[in-house]
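None of these values were measured; they are calculated from a predicted model.
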Amino acid sequence: CIRDRDILLYPPAIKILLLLLAMLLWRHRKTAFSLILLSVLSLLVFSMPITSHKLALILEKHPAIPPSQLSQINADAIVLLGGGMVPHADEYDASSVVKNALTRLRYAAFLQAQTGLPLITTGGDLTNAGISEAETMRNILATEFNIVQVRAETGSRTTYENAVKTASILQQQHMQRILLVTSSLHMNRSVKLFSEQGLDVIAAPTDLYSDHYIDWRYYFPTGDGLKDSRSVLHEYLGIAWYWLKG
């Protein structure tokens, strides 16, 4: 899977590399100026929130589940995918999760409260914090949402490993049908990987881009727009990576 160590593939780092390349090729003025123009224009485009929004909508294949339909869903368990971890949050004196991951966690807690299904968190210790992301999410669910019926899969480091290792746990418990919780941007790839493990997957996306209200501000460059573009490009590269691997 494409990870954060591949930061040079994303803006703004890739734009800086283009500028450095232009400096190296300065004797070839046309090529150098073309690289500079490409760098500046692409930085401008990817800084506009409308760019990440439109690219994200292409990947958003699964709609949200209306709460009124949850009682009609027949599933064996809820599986929650991690979205990033804080090794140590001083205010809690414990590990925590990043903002986007908290959105997933909150929705999983909502689903568990509505359905009563057992919940599995999945994600290893990618930050060498001495505690896995799955355990961190389980602790937050217990202390802040009063949900204690949670099992943690702590050995996975990629979405593919999330699927393989979680499927093994589910199969041991004779569970087949799951509600899969992750962000809408990440859901399409996640459903495919979990389905390949023989699971019957019901997509339960959160943080949907289709929910966003679009106004004139979406067409002006912002730091948040650049950050969102990085997340979207990360997902596109992840899809390309798994496609190349077959």
Asks: Taking the six-membered ring for Trp, are His53 and Tyr218 parallel (under 30°), tilted (30 to 60°) or perpendicular (over 60°)?
Replies: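 His53 vs Tyr218 ring planes: perpendicular.
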Asks: Can you tell me how far the CG atom of Leu141 sits from the CG atom of Leu105, to the nearest 0.5 Å?
Replies: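 So the gap between those two atoms works out to 4.0 Å.
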Asks: Which distance, rounded to the nearest 0.5 Å, do you find between the OG1 of Thr222 and the NZ of Lys227?
Replies: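 Result: 11.0 Å between the selected atoms.
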Asks: Between OH of Tyr242 and CG of Leu193, what distance do you get to the nearest 0.5 Å?
Replies: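 Answer for the OH-CG pair, Tyr242 versus Leu193, is 5.5 Å.
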Asks: Any donor and acceptor pair, going by atom type alone, linking the side chain of Ser42 with main-chain N or O of Ser39 inside 3.5 Å?
Replies: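 Checking the backbone N and O of Ser39 against the side chain of Ser42, a donor-acceptor pair under 3.5 Å is found.
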Asks: Would you give the length of the straight line joining atom CD of Glu153 to atom OG1 of Thr166, rounded to the nearest 0.5 angstrom?
Replies: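 One finds 4.5 Å between CD of Glu153 and OG1 of Thr166.
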Asks: What is the ring orientation for Phe220 with Trp216, classed by angle as parallel under 30°, tilted 30 to 60°, or perpendicular over 60°?
Replies: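 Plane angle over 60°, so perpendicular.
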Asks: Would you say Leu102 and Ile78 are hydrophobically clustered, going by side-chain heavy atoms of ILVMFWY under 4.5 Å?
Replies: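 Yes: a chain of side-chain contacts under 4.5 Å links Leu102 to Ile78.
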Asks: Answer with yes or no whether the side chains of Thr136 and Ser95 bring together a donor and an acceptor at under 3.5 Å.
Replies: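 Yes - a donor-acceptor pair under 3.5 Å links their side chains.
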Asks: Would you say Gln112's side chain and Leu117's backbone share a donor-acceptor pair under 3.5 angstrom?
Replies: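 Side chain of Gln112 to backbone of Leu117, a donor-acceptor pair under 3.5 Å: yes, one is there.
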Asks: I'd like to know if the side chain of Arg138 reaches the main chain of Thr121, judged simply by a donor and an acceptor atom lying under 3.5 Å from each other, with no hydrogens or angles considered.
Replies: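 Pair absent, no side-chain N/O of Arg138 close to backbone of Thr121.
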Asks: Which value, rounded to the nearest 0.5 Å, describes the distance between Ile50 atom CD1 and Tyr219 atom OH?
Replies: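 Between atom CD1 of Ile50 and atom OH of Tyr219 there are 4.0 Å.
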Asks: For the hydrophobic clusters of this structure (ILVMFWY residues joined by side-chain heavy atoms under 4.5 Å, transitively), does one cluster hold both Val232 and Leu226?
Replies: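 Yes, one cluster joins them.
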Asks: Near Arg177 CZ, under 6.0 Å, is it more than 12 heavy atoms from other residues, nucleotides or ligands?
Replies: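 It does: Arg177 CZ has more than 12 such atoms within range.
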Asks: Quick check for you: to the nearest 0.5 Å, what is the distance between Thr182 atom OG1 and Met187 atom CE?
Replies: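 If we round to the nearest 0.5 Å, Thr182:OG1 and Met187:CE are 6.0 Å apart.
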Asks: Among Leu170, Leu180, Asp200, which one satisfies side chain to side chain contact (heavy atoms under 4.5 Å, CB included) with Phe194?
Replies: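 In the set Leu170, Leu180, Asp200, the residue that makes a side chain to side chain contact (heavy atoms under 4.5 Å, CB included) with Phe194 is Leu180.
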